[in-house]
Number of protein chains: 2
Amino acid sequence: MAADATGALGWQDVAALARARLAARIWPPGAIIPPEAELAREFGVSRSTVNRALRALAEEGWLDRRRKAGTRVAERPVHRATLAIPLMRDEVEAAGHRYGYRLLDREVTATPGLLALQLGMRGVPRVLRLEALHLADGRPWAHEERWISPETAPGVFEADFAAQSANEWLVTHVPCSSVEVSVSAERATGRVAAMLECEDGEAILVVERITRQEGRGVTLLRLSHAPGHRIRSTPG
Amino acid sequence: MAADATGALGWQDVAALARARLAARIWPPGAIIPPEAELAREFGVSRSTVNRALRALAEEGWLDRRRKAGTRVAERPVHRATLAIPLMRDEVEAAGHRYGYRLLDREVTATPGLLALQLGMRGVPRVLRLEALHLADGRPWAHEERWISPETAPGVFEADFAAQSANEWLVTHVPCSSVEVSVSAERATGRVAAMLECEDGEAILVVERITRQEGRGVTLLRLSHAPGHRIRSTPG
DNA sequence: TAGTGGTCTAGACCACGAT
DNA sequence: TCGTGGTCTAGACCACTAC
């Protein structure tokens, strides 16, 4: 990495040089930049090194690369932010609180149609539905409603979710691959408001997550956070 | 890519094989997996190919790699979701609506202390403050309050934000590097509720974004979305 | 000190896709 | 058709760090 003692450039250096040209509009939006081979000659590195650097910039959204068409500067770099999805316990403890967990309800139920659709489940007649409360220093932190498919999470009907949250059980028992997140603001009502010990009508942050394993749905989660909760993107 | 006609494996194939071993707990959490050279021999590929595959898995959070220590399977793969941050216009049009924009207020003001802190600005006495409304089919979509630093966005005092939203002006005039996002739920009140044409007390989704260029703050944005708005992670 | 991952190179073949 | 990026290889050197 970095220029080593010999003065040769590494891929990070090449990426930095390219970034500078983008920032200075030497390579303006929409323009085609020189091919890898040419840049390799110019920078005095091998094509692989240029490739690695430009690939990194492309992953960040700055460049649009296509065979034969060449590398084009993105018209509008679509920025991205990444959300970390930690265990509830880690989140609470990272905020400086003592974590607590309470199972409110557990039932094996016929698979709701909408759920089957969202999780892409076919021929899974019954699912496990859980309702639980996450606590921080004994005070409500988030209310959780969750459905788990026994197909992708075998043994879920036998697990003891009074002792361990579904989140933690799943992490240690089911290898998941992708997560889909949806965030909205809603007004607290009825049971959820009561469990969160907040007034009816409070604005609360609701997070829905669908977790999949190789495209097959594992669990759908609906988290209603206590008022004032904030989700932050990770600086990375 | 993929196994070609010769039956040789590509890095994606190696990554898939590794993923399978992780899923099957052949490489259980916490375990050290064989070194690159050994896997290269086993799979019949070069070490570079194994490196590329394992590097990809490490970036996804499945593996923890350290020189000399070797490659360890992450105890709890911290999942991540990525949020795309499109132009408001693109977001509205992608939802199938006609985009509209209205500048509500514009003023050059003394830099608020908290803002200077958040944007990491030093010695920037005045900033531009904008208030605007984004419309979808003529109806309120989101209310925007924004501060822009003239230091990182030169010429911002002269730009015509009645004709073009700050978002679009910035994209074409200031190359930005990183975005920090914070999401919360609040109750609509006063001016914002009026502009969004919703009842006082409605739950609305509030997004705050700080955009930086090489670590120096460019703009802070506070977006109050109309009730019912939803933020979704990108499937990637 | 020695083992491991990080990276670079030079060369090669191939897939895609603009023309 | 044929230029461009995508990828693989074999070998090499180096940085880091557990021992």
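Per chain, numbering begins at 1; letters A, B, ... match sequence-line order.
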Enumerate the residues from residues 44-64 of chain B whose closest heavy atom to DNA chain C is under 4.0 Å, giving them by residue number; use none for an empty result.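 DNA chain C contact set from residues 44-64 of chain B: B:Arg47, B:Asn51.
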Going through the distances and angles, do B:Thr234 and B:Thr82 end up as a side chain to side chain donor-acceptor pair (under 3.5 Å)? CA-CA 6 Å; B:Thr234 60; B:Thr82 69; 2.7 Å; yes
Between C:dG17 (P) and A:Arg66 (CZ): distance, integer Å: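 The distance from CZ of A:Arg66 to P of C:dG17 comes to 8 Å, rounded to the nearest Å.
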For B:Arg72 and B:Gly30, indicate whether the former's side chain and the latter's backbone hold a donor-acceptor pair under 3.5 Å.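 Indeed, once roles are kept as given, a pair shorter than 3.5 Å links the two residues.
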Could you tell me which residues satisfy side chain to side chain donor-acceptor pair (under 3.5 Å) with B:Glu145, sequence neighbours excluded, listed by chain and number?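 B:Glu145: side chain to side chain donor-acceptor pair (under 3.5 Å) contacts with B:Arg129.
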Can you sort out the partners of B:Ala58 under side-chain contact (heavy atoms from CB on, under 4.5 Å), two or more places apart, ordered by chain and number?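 Result, side-chain contact (heavy atoms from CB on, under 4.5 Å) vs B:Ala58: B:Leu63, B:Arg65.
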Does the side-chain contact (heavy atoms from CB on, under 4.5 Å) test come out yes or no for B:Tyr101 and B:Leu133, once each step is laid out? CA-CA 6 Å; B:Tyr101 164 78; B:Leu133 198 61; over 6 Å; no
Would you please name every residue forming a side chain to side chain donor-acceptor pair (under 3.5 Å) with B:Arg230, sequence neighbours left out?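 Scan of B:Arg230 (side chain to side chain donor-acceptor pair (under 3.5 Å), adjacent residues dropped) gives A:Ser182.
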Tell me, which pairs form a salt bridge (charged side-chain N to carboxylate O under 4.0 Å, His left out) where one or both residues lie in residues 156-165 of chain A, sequence neighbours left out?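 Every pair satisfying salt bridge (charged side-chain N to carboxylate O under 4.0 Å, His left out) with a residue in residues 156-165 of chain A: there are none.
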Non-neighbouring partners of A:Arg47 that pass side chain to side chain donor-acceptor pair (under 3.5 Å), sequence neighbours left out: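 Residues passing side chain to side chain donor-acceptor pair (under 3.5 Å) with A:Arg47: A:Glu36.
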Scan the side chains in residues 84-92 of chain A for donor-acceptor partners under 3.5 Å anywhere in the protein, sequence neighbours excluded, and list what turns up.
residue	atom	partner	partner atom	Å
A:Arg89	NE	A:Glu168	OE2	3.0
A:Asp90	OD2	B:Arg76	NH1	2.9
A:Glu91	OE2	A:His229	NE2	3.4

For B:His79, what residues pass the side chain to side chain donor-acceptor pair (under 3.5 Å) criterion, not counting sequence neighbours?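 So B:His79 forms no side chain to side chain donor-acceptor pair (under 3.5 Å) with any residue.
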Restricting to pairs with a member in residues 21-30 of chain A, which pass side-chain hydrogen bond (donor to acceptor under 3.5 Å, both in side chains), not counting sequence neighbours?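 Output for this query lists A:Arg21-A:Glu42.
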Let me check the geometry of the helix from C:dT1-D:dA18 to C:dA18-D:dT1. What is the bend angle between the axes at its two ends, five pairs each, to 10°?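 Taking the rotation axis at each end, their angle is 10°.
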Specify the separation, in whole Å, of atom CZ of A:Arg67 and atom P of C:dT19.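 A:Arg67 atom CZ is separated from C:dT19 atom P by 17 Å.
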Name every residue in residues 34-43 of chain A that has at least one heavy atom under 4.0 Å from any atom of DNA chain D, in order of residue number, or write none if there are no such residues.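 Nucleic-acid contacts, sorted: A:Pro35, A:Glu36.
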What nucleotide, of C:dA15, C:dG5, D:dT7, holds the atom closest to the side chain of B:Arg65?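 The listed nucleotide nearest to B:Arg65's side chain is C:dG5.
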Taking only heavy atoms on the protein side, list every residue of residues 19-33 of chain B lying under 4.0 Å from any atom of DNA chain C, sorted numerically.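 The stretch gives none, as no residue of it lies under 4.0 Å from the strand.
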Does the pair A:Val183 and A:Val206 meet the rule for a side-chain contact (heavy atoms from CB on, under 4.5 Å), with working shown? CA-CA 6 Å; A:Val183 183; A:Val206 176; over 6 Å; no
Send over the distance from B:Gln12 CD to D:dT7 C1', rounded to a whole Å.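 Interatomic distance, CD of B:Gln12 to C1' of D:dT7: 10 Å.
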In whole Å, I'd like the distance from the NZ atom of B:Lys68 to the P atom of C:dT1.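 Answer to the nearest Å: 13 Å.
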Yes or no on side-chain contact (heavy atoms from CB on, under 4.5 Å) for B:Val156 and B:Trp169, after CA distance, side-chain angles and deciding distance? CA-CA 9 Å; B:Val156 74; B:Trp169 185 87; 3.9 Å; yes
